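Step one of this worksheet: look at the structure below.
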Amino acid sequence: MTPKIELHLHLEGAAPPAFIRGLAREKSMDISGIFDAEGNYKYKDFWDFLKVYEAATSTLTTPEDYARLTLAVLEESAASGVVYSETFLSPDFCGGRDKGAWKEYLLAIREAADQAERTMGITLRGIITCIRHFGPEKARETALCAAETAGEWIVGFGIAGDEKIAQPKDFRWSFDCAREAGLRLTAHAGEWGGPESVRAAIKDLEVERIGHGVRAIEDLALVDEIAERGIVLEVCPGSNVALGIYPGFRKHPISQLYERGVKVTVSTDDPPFFHTTMAREFEMLHRAFDWDDAFFAALNKTALDAAFCDTDTGARIAKLLEA
Ligand code: HPA
Ligand code: ZN
């Protein structure tokens, strides 16, 4: 299995449906409505996806649940060849943005990740993410949780959720707070919003990476600016196809963005929701654009260069890619 670097994965969004069903059963919670007849997550569109995501997440109520989740998720990632995973962690779901509770959840997640590193050879680093549709006020509390736990393991800060709600500038305080705490920055944009949304994230939040960013393709001057500034896109083609932004991999703009000089990387976003894995993403891109092993090796290098981990960790992971 080719080793892979993943930069954009939501921890709760990576929860296998059977794992969430198991937790619901243990806690006598009825969330059967979020699954289809085959036991997969069921949703109508992106906004329904967000609701189903939050319903699934409601079964995760203790640090121990998150420890088990972390192991289950890393097992899936490792099976796809992922050796380094930057994962979005949400204090909103882990203790409700209470700093004390958040630290307990984080400790449990980190201990599970350390165990996975020893047994499966996969390294996790955390990016704290605030949730756009929860609003700027809650994002401030999330940023304070992030600042409190920033370090060599919590390495970044970002924003996910409904891009149609509020503006990047409304979250400026939170991003400034995270930056001052030494965190590197990324923001979801250009998924449900167009080029103007990507422009605003770059200008108002001063991020070095964009989650998705693919709809920048609708404005070539913006594409050129992204390329010139060296801003990295965390592209999740299977997610975009599953949610109907593009009809298939062949119509996905990742190849065009690359051809125009943008640093693109590949991730899964919320793999079980989108019926994907990192192995499948690579396979589908190979089929759609004939990308070969040398191309994927270069893609991995771009991703590792854009990773938010410290240089020692980066150097250690680079050796795994060479092996
Ligand atoms: N976009 C925005 N918010 C999200 C996503 C996504 O793809 N996944 C989980 N939260
Ligand atoms: Zn995402």
Side-chain angles (χ1 to χ4, degrees), residues 5-17 20 34 41-58 60 69 73 76-77 82 85-94 124-135 138-139 142 156-168 171 174 185-194 197-198 200-201 205 207 209-216 232-246 252-254 264-278 281 303 306 308:
I5 307 291
E6 178 158 43
L7 299 181
H8 187 123
L9 179 76
H10 300 262
L11 183 58
E12 298 88 1
I20 293 296
I34 68 170
Y41 294 115
K42 175 180 74 179
Y43 55 86
K44 288 192 272 299
D45 56 20
F46 174 69
W47 293 272
D48 196 35
F49 155 79
L50 290 177
K51 286 195 198 123
V52 170
Y53 186 108
E54 283 160 30
T57 301
S58 72
L60 294 154
L69 171 66
V73 167
E76 293 286 325
S77 294
V82 177
S85 174
E86 259 170 38
T87 302
F88 293 119
L89 309 176
S90 307
D92 294 83
F93 302 132
C94 299
L124 174 70
R125 290 294 181 267
I127 300 177
I128 309 285
T129 181
C130 61
I131 297 177
R132 189 148 160 177
H133 54 275
F134 291 177
K138 292 194 169 117
T142 306
F157 183 75
I159 183 167
D162 186 353
E163 194 182 341
K164 296 215 184 268
I165 293 187
Q167 301 293 322
F171 298 90
S174 296
L185 303 176
T186 177
H188 281 63
E191 181 192 22
W192 298 99
S197 173
V198 178
L205 303 178
V207 292
R209 297 191 336 217
I210 298 275
H212 300 287
V214 285
R215 291 191 51 204
V232 173
L233 302 189
E234 304 154 7
V235 184
C236 309
S239 163
N240 298 155
V241 171
L243 288 169
I245 300 173
Y246 302 105
H252 192 283
I254 187 170
V264 297
T265 64
V266 172
S267 295
T268 57
D269 214 6
D270 307 280
F273 282 89
F274 306 138
H275 304 282
T276 196
T277 61
M278 277 294 274
E281 294 294 319
F308 290 161

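All values below were derived from every heavy atom in this structure, side-chain atoms included, with hydrogens, water molecules and symmetry-related copies excluded. Start at 1 and go down the list; that is how both ligands and their atoms are numbered. Keep in mind the model is a prediction, meaning the values are calculated, not measured. In this chain, residues are counted from 1 in sequence order.
The set of protein atoms (N, O or S) found at less than 2.8 Å from the Zn ion (ligand 2) reads H8 NE2, H10 NE2, H188 NE2, D269 OD1, by chain and number.
Of the possible donor and acceptor atoms, none in the side chain of T142 sits under 3.5 Å from a partner among the backbone N and O of C130. In this structure a side-chain-to-backbone donor-acceptor pair under 3.5 Å is present from E281 to G238. Listed for the E163 side chain is a donor-acceptor partner under 3.5 Å among the backbone atoms of W192. Judged by distance alone, with hydrogens and angles left aside, the side-chain atoms of E86 form a donor-acceptor pair with the main-chain N or O of F308 at under 3.5 Å.
Looking at residues two or more places apart in sequence or on another chain, you find a side chain to side chain contact (heavy atoms under 4.5 Å, CB included) between A306 and L7, R209, V232.
Checked against the 6.0 Å centroid threshold, H10 and F273 do not count as a close aromatic pair. Proximity of the aromatic rings of F171 and F157 is defined here by a centroid distance below 6.0 angstrom, and this criterion is not met.
Between Y53 and F93, the ring planes lie tilted relative to each other; the angle falls in the 30° to 60° range.
For ligand 1, the protein residues within 4.0 angstrom (heavy atoms only) are H10, F46, F49, Y53, A160, G161, H188, E191, H212, D269, D270.
Listed by first and then second residue, the side-chain hydrogen bond (donor to acceptor under 3.5 Å, both in side chains) pairs that reach into residues 43-52 are W47-D162, sequence neighbours excluded.
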